[in-house]
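Some notes on the structure that comes next.
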Amino acid sequence: MARTHTVIASPLGDLTAVAEDGVLCGLYFERHLRGPAPQDRGTYDESGFEEVRRQLGEYFAGERTRFELPLAPRGDEFQQRVWRLLTEIPFGETRSYGELARRLGNVSLAQAVGAANARNPLSVIVPCHRVVGADGGLTGYAGGLARKRFLLDLEEPAERKAARLF
């Protein structure tokens with residue numbers, strides 16, 4: 001298994017993209033809480049990440065609402081189920097941990113959903129930033145709450161922005 005990585009500039013700072021055998025398995029912010037150690041990122045290689053770079057650029061320019069990339073995040077079966085649910089949250093919308101737990105069939109799984117969400121290795125692309133607390137408030141984010149707020153603001157529909165008082 002060949003692991004490579006590159007660095008992609010974004011409005012939120014540099015993102016480290018990691019691929020295994022050419023398939024994206026990680027996307028991490030600088031000072032990401034659960035990012036891989038430098039020796040686990042593989043060799044630095046700019047090639048093979050062109051499509052990731054292009055789609056992220058479109059997303060940050062407000063031109064893309066869904067990513068279409070082959071992904072290979074590593075996690076246990078429960079984490080994989082949670083991460084699949086994250087990809088089903090529509091652009092510009094949020095869900096609570098409890099709502100995701102209900103979708104999994106057991107509302108008492110809300111904390112486990114939060115733990116799986118926190119271990120999402122594909123920031124932005126698998127939109128863990130779209131998960132909020134039961135009251136709609138921002139909760140933890142491995143990239144930091146300021147980045148989470150930025151991403152939610154970027155995705156907020158224009159009509160909702162226009163209706164806000166602040």
Side-chain angles (χ1 to χ4, degrees), residues 1-95 97 100 103-104 112-132 138-157:
M1 155 176 50
R3 190 173 261 221
T4 58
H5 77 278
T6 195
V7 176
I8 300 171
S10 86
L12 295 169
D14 288 344
L15 295 165
T16 298
V18 180
E20 286 182 359
D21 296 325
V23 179
L24 192 67
C25 63
L27 186 68
Y28 305 95
F29 292 107
E30 294 175 285
R31 295 180 298 284
H32 195 100
L33 290 180
R34 290 175 186 81
Q39 67 271 15
D40 295 332
R41 296 176 186 164
T43 58
Y44 183 84
D45 189 347
E46 298 241 350
S47 65
F49 292 95
E50 297 81 8
E51 189 63 14
V52 176
R53 191 180 309 278
R54 183 181 71 76
Q55 289 190 31
L56 283 168
E58 291 171 353
Y59 170 80
F60 285 116
E63 300 164 356
R64 175 171 288 278
T65 61
R66 185 168 187 81
F67 292 95
E68 298 168 357
L69 297 163
L71 305 174
R74 288 191 167 201
D76 63 34
E77 181 183 335
F78 182 78
Q79 290 169 331
Q80 296 285 344
R81 289 175 59 207
V82 170
W83 299 338
R84 276 191 297 278
L85 282 179
L86 297 178
T87 65
E88 295 172 10
I89 302 172
F91 182 90
E93 295 184 22
T94 59
R95 299 291 184 269
Y97 298 99
L100 294 177
R103 294 268 323 269
L104 292 170
V113 166
N117 198 51
R119 286 171 178 72
N120 170 24
L122 289 160
S123 296
V124 182
I125 292 173
V126 174
C128 54
H129 59 277
R130 296 180 188 158
V131 182
V132 297
L138 296 187
T139 57
Y141 186 62
L145 289 181
R147 287 181 174 134
K148 184 172 187 167
R149 169 54 51 209
F150 177 94
L151 293 168
L152 292 173
D153 287 347
L154 175 73
E155 296 183 5
E156 186 175 25

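When reading the values below, keep in mind they use all heavy atoms of this one structure, side chains included, and skip hydrogens, waters and symmetry mates.
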Just how far is it from atom [atom1] of [X] to atom [atom2] of [Y], taken to the nearest 0.5 Å?
X   : Y    : atom1 : atom2 : answer
D76 : R119 : CG    : CZ    : 9.5 Å
T94 : E156 : OG1   : CD    : 10.0 Å
D45 : R3   : CG    : CZ    : 14.5 Å

Taking the side chain as every heavy atom from C-beta outward, state whether [X] and [Y] have any atom pair closer than 4.5 Å.
X    : Y    : value
I125 : Y59  : no
L56  : F67  : yes
Y28  : L15  : no
L138 : L152 : yes
T6   : I8   : yes
V131 : I89  : yes
F49  : V18  : no
L85  : V113 : no

Specify the closest pair of heavy atoms between [X] and [Y], including all atoms of both residues, with the distance to one decimal.
X    : Y    : result
E30  : G13  : OE1-CA, 3.6 Å
L151 : H129 : CB-CD2, 3.5 Å
G42  : H5   : O-ND1, 3.0 Å
L71  : V23  : C-CG1, 3.7 Å
S123 : F29  : CB-CE1, 3.7 Å
R147 : L12  : NE-O, 3.1 Å

Backbone of [Y] reached by a side-chain donor or acceptor of [X] within 3.5 Å:
X    : Y   : result
N117 : Y97 : no
Q80  : P73 : yes
R74  : C25 : no
E155 : F91 : no

So, are [X] and [Y] salt-bridged, with charged N and O less than 4.0 Å apart?
X   : Y   : result
E93 : R95 : yes
R54 : E51 : yes
E88 : R84 : no

>> Counting neighbours of CD on E77 that are heavy atoms of other residues, nucleotides or ligands and sit closer than 6.0 Å, is the number greater than 12?
In response: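 12 or below, so no.
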> side chain to side chain donor-acceptor pair (under 3.5 Å) with T87: which residues, sequence neighbours excluded?
Replying inline: none
